Amino acid sequence: MVKEIKTEEPWRVGVLFSNSGFLAVIEETQLRGTLTAIDEINDNGGVNGRPLEPVIYDPGSETAAFGRYAKQMMVEDGVSTIFGCYTSSSRKSVLPVVERLNGLLWYPTLYEGFEYSPNIVYTGAGPNQNSLELCRYLMHHFGNRFYFVGSDYVYPKVSNKIMWEFVRTNGGEVIGERYLNLRAKPKDFISVMEDIKHTQPDVIFSTVVGEATSLFYQAYMDYGFDPKVMPIASLTTTEAEIRNMGFDVGEGHITAAPYFDGLENAASSVFAARFKKRYGADEPTNMCLEAAYFQVHMFAQALEQTNSMETDLLRPTILGSEFEAPQGNISINKGCSHADLWTRIGRADRAGRFEILYESNSKVSADPYLIGYGRSIAF
Ligand code: ACM
């Protein structure tokens, strides 16, 4: 009989978020959310008596570095589970690595949907959990004429295609669509603002990400546009970007997210207290940070059962599992490895907090391919 070997060896996990470069404004918060959860788990005795040990790399907001570091972690550092990635392009750079080496990537960011990998757990919102309700809200409260502004990469382009379909199917129109370099400069927004002034949309839908978000909202303010009349609505402008641009610049603009800082429930209070104790009372939480936090807990929950880092053992344990997250009770959808999440819409106030304008009655099942919505997505 093989004697069970008791060990206190750490469980090594990979952590892959940028804390430098133009995406650090949001990815550093995801890094912090991950480390907050790891600390919390270790303070409570680890998993089956063994602590989690993060192996951390900084990809510096460079897409190719994500794939490179993922490979390095798996081949050289003995890591099989990775928490990481903000942009869809960085996820797509890690995907072939985890598929080839049978690892597991936990991806805590909203994205455009229309993807499935058995080696990824998607814990951010897909279009049926954010865009759909946001579109409905905007058409009801502001009007039918949309103007799209996004960063120039896969998420904004595909996300806008889906939003375009929602708008068009419900009798609206998209009167402008512009993409800016991820490293856009203030002057790059001038022609966009001129076009907005000229076309006078009812609402601007932004899929701008990272540092450029501040430049975009600042340019909007400089042009004297009024968010009460024509707000910028977004899926990516969180408390972190609002803080970066200045509370006065962000005030009045709208974001759809599963979680906003300050949600009142027991799990949210524990999470916020832990995070603020570690990083400062003035540091706001946000949806991407929250997903980065709860996904580590969901992983630990599965690891406790498998007592093994084997992806083939972890995967069936994760699928269908539930967790009391700060946003509410959530689950990993068995059919598609995406999280069933809450839908909320908020408007930023003068203090950089989101006032909640809409909240779903329950978590919304993940449907990354919009199968449940048929060919026409009428409200
Ligand atoms: C994103 O690129 N999924 C925000």
Side-chain angles (χ1 to χ4, degrees), residues 26 29-44 83 106-110 121-126 128-130 132-134 137 234-243 254-302 304 318 320-333 338-366:
I26 186 67
T29 74
Q30 293 180 300
L31 170 64
R32 290 174 167 191
T34 305
L35 297 179
T36 301
I38 289 176
D39 254 16
E40 191 175 6
I41 290 159
N42 288 346
D43 284 354
N44 290 323
F83 304 103
W106 292 77
Y107 177 59
T109 311
L110 68 298
V121 184
Y122 304 79
T123 60
N128 76 306
Q129 295 163 315
N130 54 13
L132 184 60
E133 207 54 58
L134 180 61
Y137 183 89
S234 166
L235 311 172
T236 43
T237 304
T238 74
E239 290 82 347
E241 287 83 0
I242 297 274
R243 186 167 194 242
I254 291 173
T255 296
Y259 167 91
F260 289 112
D261 186 64
L263 270 190
E264 287 180 12
N265 64 57
S268 176
S269 304
V270 170
F271 158 61
R274 270 244 162 216
F275 177 75
K276 286 169 198 268
K277 184 162 175 239
R278 187 174 165 132
Y279 294 106
D282 290 342
E283 289 290 326
T285 58
N286 67 65
M287 64 166 141
C288 298
L289 191 168
E290 187 245 6
Y293 167 86
F294 78 65
Q295 66 175 15
V296 177
H297 279 288
M298 295 198 87
F299 158 74
Q301 205 172 257
E304 193 177 341
I318 292 160
S321 65
E322 289 189 35
F323 186 70
E324 292 304 321
Q327 67 181 266
N329 175 274
I330 56 138
S331 38
I332 304 300
N333 198 295
H338 286 60
D340 304 323
L341 300 169
W342 294 72
T343 299
R344 292 183 170 94
I345 297 172
R347 177 171 41 216
D349 68 13
R350 221 342 118 111
R353 310 283 291 264
F354 282 89
E355 171 206 352
I356 296 194
L357 307 168
Y358 169 87
E359 190 165 35
S360 55
N361 293 327
S362 57
K363 61 188 172 188
V364 178
S365 289

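Because the structure is predicted, anything quoted here is derived from the model rather than measured. For reference, positions follow the sequence shown, starting with 1. Heavy atoms only: backbone and side chains are in, while hydrogens, waters and symmetry mates are out.
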How about Glu133 and Thr343: does a side-chain donor come under 3.5 Å of a side-chain acceptor?
no

Walk me through whether His297 and Glu40 qualify under side-chain contact (heavy atoms from CB on, under 4.5 Å).
CA-CA 9 Å; His297 279 288; Glu40 191 175 6; 3.0 Å; yes

Any chance the side chains of Glu239 and Thr29 put a donor and an acceptor closer than 3.5 Å?
no

One should read off an interatomic distance between Asp39 CG and Asn44 CG, to the nearest 0.5 angstrom, of 10.5 Å

Decide side-chain contact (heavy atoms from CB on, under 4.5 Å) for Arg274 and Asp43; before the verdict, give the C-alpha distance in whole Å, the side-chain angles of both, and the deciding distance to 0.1 Å.
CA-CA 11 Å; Arg274 270 244 162 216; Asp43 284 354; 3.1 Å; yes

Step-by-step side chain to side chain donor-acceptor pair (under 3.5 Å) determination, Glu241 to Ser234:
CA-CA 11 Å; Glu241 287 83 0; Ser234 166; over 6 Å; no

Crowded around Asn361 CG? As in, over 12 foreign heavy atoms under 6.0 Å?
no

Looking at every heavy atom in both Phe294 and Thr123, which two are closest together, and how far apart are they?
CZ-O, 3.6 Å

Are Tyr293 and Phe271, when compared by the centres of their aromatic rings, separated by less than 6.0 Å?
yes

Within a strict 4.5 Å, meaning less than it, do heavy atoms of the Met298 and Ser321 side chains meet?
yes

Thr285: side-chain hydrogen bond (donor to acceptor under 3.5 Å, both in side chains) partners, not counting sequence neighbours
Tyr259, Asp261

How far apart are the closest heavy atoms of Ser362 and Ser360, and which atoms are they?
O-OG, 2.9 Å

For residues Glu290 and Ala325, report the shortest heavy-atom separation together with the two atoms involved.
OE2-CB, 3.8 Å

Minimum heavy-atom distance Ala292-Pro108, with the two atoms named
N-CB, 3.5 Å

What I'd like to find out is whether the side chain of Leu341 reaches to under 4.5 Å of the side chain of Asn130, using heavy atoms alone.
no

Is the side chain of Thr36 donor-acceptor paired with the backbone N or O of Arg32 at a distance under 3.5 Å, no angle test?
yes

Scanning both residues in full, the closest heavy-atom pair of Tyr107 with Gln295 reads N-OE1, 3.5 Å

How long is the gap from CG on Leu235 to OG1 on Thr109, to the nearest 0.5 Å?
12.5 Å

What is the distance from atom CD1 of Ile332 to atom CG of Asp340, rounded to the nearest 0.5 Å?
7.5 Å

Angle between ring planes, Trp106 versus Phe299, binned at 30° and 60°: parallel, tilted or perpendicular?
perpendicular

Decide yes or no on side-chain contact (heavy atoms from CB on, under 4.5 Å) for Tyr279 and Leu35, but give the supporting numbers first.
CA-CA 11 Å; Tyr279 294 106; Leu35 297 179; 3.9 Å; yes

Please report the closest heavy-atom contact between Ala339 and Ala366, naming both atoms and the distance.
O-CB, 3.4 Å

Rounded to the nearest 0.5 Å, what's the gap from OH on Tyr358 to CZ on Arg344? Could you check?
10.5 Å

With sequence neighbours excluded, tell me which residues meet side-chain hydrogen bond (donor to acceptor under 3.5 Å, both in side chains) with Asp282.
none

Test item: Asn128 side-chain N/O and Ser365 main-chain N/O as donor-acceptor pair under 3.5 Å
yes

Candidate list Ile242, Thr238, Thr255, test side-chain contact (heavy atoms from CB on, under 4.5 Å), partner Asn286, passing option
Thr238

If you round to the nearest 0.5 Å, how far is CZ of Arg350 from CD of Glu355?
14.5 Å

Do Gln301 and Glu322 have side-chain heavy atoms sitting under 4.5 Å apart?
no

How many angstroms lie between atom NZ of Lys363 and atom CD1 of Ile330, to the nearest 0.5 angstrom?
7.5 Å

